[in-house]
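Keep in mind it's a predicted model, so treat the numbers as computed, not measured. Numbering starts at 1 and runs along the sequence shown.
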Amino acid sequence: MSYVITPPQAASVPVVGRSERFPIHRIYCVGRNYEEHAKEMGFTGREPPFFFLKPADAAVPVNAGETGTMAYPSLTSNLHHEIELVVAIGTGGRNILAADAHMHIYGYAVGLDMTRRDLQGDMKKQGRPWCIGKAFDQSAPIGPITPVAQAGDVVNAEIYLQVNGKDRQRSNVSKLIWNIGETIEHLSAAWELQPGDLIFTGTPEGVAAVVRGDMLTGSVSGLGTLQVKIA
């Protein structure tokens, strides 16, 4: 097949213990999926889950043991960090039951849902889509994917983020409002999931602004450490 322009190289993420990489199809994100974060954003209770997307090429893949770089984005003066457990889908499907969701998961990774909070807030006030606050270039730094068999007890894993060596976010994946299986059930009812999909499962409380020069270090127990510098 020929094209009128050269197709871009497929976005992909390294995989722990493999030379092959994980190709990214879509990036789905779950909003307000930890109760304390929902409260700090002005909401309470177990709301029905909602989702937004980032383009596949918003990912900033970071190899194990390396420090990634994310450029401070344009148009904002309030860039926020959001540390998240990322689920990598290996087998697609529609209307997947929560009890069967584990059969569709290839592995897990540590990710950052970076947010232009001021732009997101402006769009919310106007009742407009807030893609500009979430789906910008380099808005999804992500570490290597750890296959399920090597990932350990992810559903009870500690999750944290430090900025310049000081704690900003610290919680446990068990505190997800909608757990991994429930999230996949809701998501696959709205979209047919495909191999290569990534699901950012939500962030705990403690989101805050970062500036140029800050070093972000985040982890989910059993999945290694993601380190990113804001350029």
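A salt bridge links Glu82 with Arg117; the closest basic N to acidic carboxylate O contact falls under 4.0 Å.
Atom-to-atom distance recorded for Glu192:CD and Asp197:CG is 10.0 Å, nearest 0.5 angstrom. If you take NE2 on His104 and CD1 on Ile184, they are separated by 8.0 Å, rounding to the nearest 0.5 Å. Remark: Ile83 CD1 to Leu226 CG distance equals 6.0 Å, nearest 0.5 Å. Interatomic distance, Met123 CE to Cys131 SG, rounded to the nearest 0.5 Å: 10.5 Å. Expressed to the nearest 0.5 Å, how far CG of Asn164 lies from CG of Asp214 amounts to 4.5 Å. To the nearest 0.5 Å, the span separating OG on Ser74 from CG on Asp137 amounts to 8.0 Å.
Under the side-chain hydrogen bond (donor to acceptor under 3.5 Å, both in side chains) rule, Thr203 has a single partner from Glu84, Arg32, Gln169, which is Gln169. Residue Val87 forms a side chain to side chain contact (heavy atoms under 4.5 Å, CB included) with just one option from Thr183, Ile180, Val148, Val30, and that option is Ile180. With Ser171 as the partner, the side chain to side chain contact (heavy atoms under 4.5 Å, CB included) test is satisfied by one option alone out of Leu176, Leu161, Ile159: Ile159.
Under 3.5 Å, the side chains of Asp100 and His102 contain no donor-acceptor pair of N or O atoms. For the residue pair Asn172/Ser174, the side-chain donor-acceptor check at 3.5 Å is satisfied. With 3.5 Å as the limit, one finds a donor-acceptor pair spanning the side chains of Ser12 and Arg21. Side-chain contact check for Asp167 and Gln162: at least one donor-acceptor pair (N or O, by modelled atom type) lies under 3.5 Å.
Follow the hydrophobic side-chain contacts under 4.5 Å out from Ile105 and you reach Phe51 in the same cluster. Using a 4.5 Å cut-off between side-chain heavy atoms of Ile, Leu, Val, Met, Phe, Trp and Tyr, with links allowed through other members, Phe50 and Ile132 fall into the same hydrophobic cluster. Leu53 and Leu112 fall within a single hydrophobic cluster, where Ile, Leu, Val, Met, Phe, Trp and Tyr are joined by side-chain heavy atoms under 4.5 Å apart, directly or via other members.
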Exercise. Should Val163 and His81 be marked as a side chain to side chain contact (heavy atoms under 4.5 Å, CB included) after you check the CA-CA gap, both sets of side-chain angles, and the distance that decides it?
Worked result: CA-CA 9 Å; Val163 177; His81 57 72; 4.0 Å; yes

Problem set entry | Intermediate values then yes/no, side chain to side chain contact (heavy atoms under 4.5 Å, CB included), Leu85 and Val110 | CA-CA 5 Å; Leu85 168 69; Val110 184; over 6 Å; no

For this session: Applying side chain to side chain contact (heavy atoms under 4.5 Å, CB included), run through Ser219 and Glu158 and close with a yes or a no.
Result: CA-CA 8 Å; Ser219 182; Glu158 182 184 26; over 6 Å; no

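Panel note: side chain Asn156, backbone Asp153; no donor-acceptor pair is recorded below 3.5 Å. A donor-acceptor contact shorter than 3.5 Å is absent between the side chain of Arg170 and the backbone of Gly206. With hydrogens and angles disregarded, no donor-acceptor distance shorter than 3.5 Å links the side chain of Ser139 to the backbone of Ala135.
In this structure, Tyr3 shares a hydrophobic cluster with Met1, the cluster being traced through Ile, Leu, Val, Met, Phe, Trp and Tyr side chains under 4.5 angstrom apart. Using a 4.5 Å cut-off between side-chain heavy atoms of Ile, Leu, Val, Met, Phe, Trp and Tyr, Phe200 falls into a hydrophobic cluster with Val13, Val15, Phe22, Ile24, Ile27, Val86, Tyr106, Ile142, Ile145, Leu198. Connectivity analysis of hydrophobic side chains (ILVMFWY, heavy atoms under 4.5 Å, direct or indirect) links Val16 to nothing; its cluster partners are none.
Gly143 and Ala109 make their closest contact through O-CB, 3.7 Å (heavy atoms, listed as atom of the first residue, atom of the second, distance). Of all heavy-atom pairs spanning Arg212 and Ala231, the tightest one is CG-O, 3.5 Å. In terms of heavy-atom proximity, Tyr34 sits nearest to Gly202 at CE1-O, 3.4 Å. Nearest heavy atoms, Ile230 versus Met114: CD1-CE, 4.3 Å.
Every residue was checked against the side-chain hydrogen bond (donor to acceptor under 3.5 Å, both in side chains) condition with Asn179, not counting sequence neighbours, and none meets it. Residues satisfying the ring pair (Phe, Tyr, Trp, His ring centres under 6.0 Å) test with Tyr28, not counting sequence neighbours, are Trp191. Among residues two or more places apart in sequence or in another chain, the side-chain hydrogen bond (donor to acceptor under 3.5 Å, both in side chains) test is passed with Glu182 by Arg46. Taking Asp113 as the reference, Lys54, Lys134 meet the salt bridge (Lys or Arg N to Asp or Glu O under 4.0 Å) condition, with sequence neighbours excluded. For His25, there are no ring pair (Phe, Tyr, Trp, His ring centres under 6.0 Å) partners, not counting sequence neighbours.
Using a 4.5 Å heavy-atom cutoff, the side chains of His80 and Val210 are not in contact. Val173 has its side chain within reach of Val220: a pair of non-hydrogen atoms, C-beta onward, lies under 4.5 Å apart. Looking only at side-chain heavy atoms (C-beta outward), Val62 and Met70 stay at 4.5 Å or farther from each other.
Within the structure, ring pair (Phe, Tyr, Trp, His ring centres under 6.0 Å) contacts touching residues 119-139 (residues at least two apart or in different chains) are Phe52-Trp130. Evaluation of the side chain to side chain donor-acceptor pair (under 3.5 Å) test over residues 220-231, restricted to residues two or more places apart or in two chains, returns Thr67-Gln227, Thr217-Gln227. Among pairs with a residue in residues 142-184, those fulfilling ring pair (Phe, Tyr, Trp, His ring centres under 6.0 Å) read Trp178-His186, at least two apart in sequence or across chains.
At most 12 non-hydrogen atoms from other residues, nucleotides or ligands lie less than 6.0 angstrom from CD of Gln9.
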Please set out all donor-acceptor pairs under 3.5 angstrom arising from side-chain atoms of residues 90-99, sequence neighbours excluded.
none

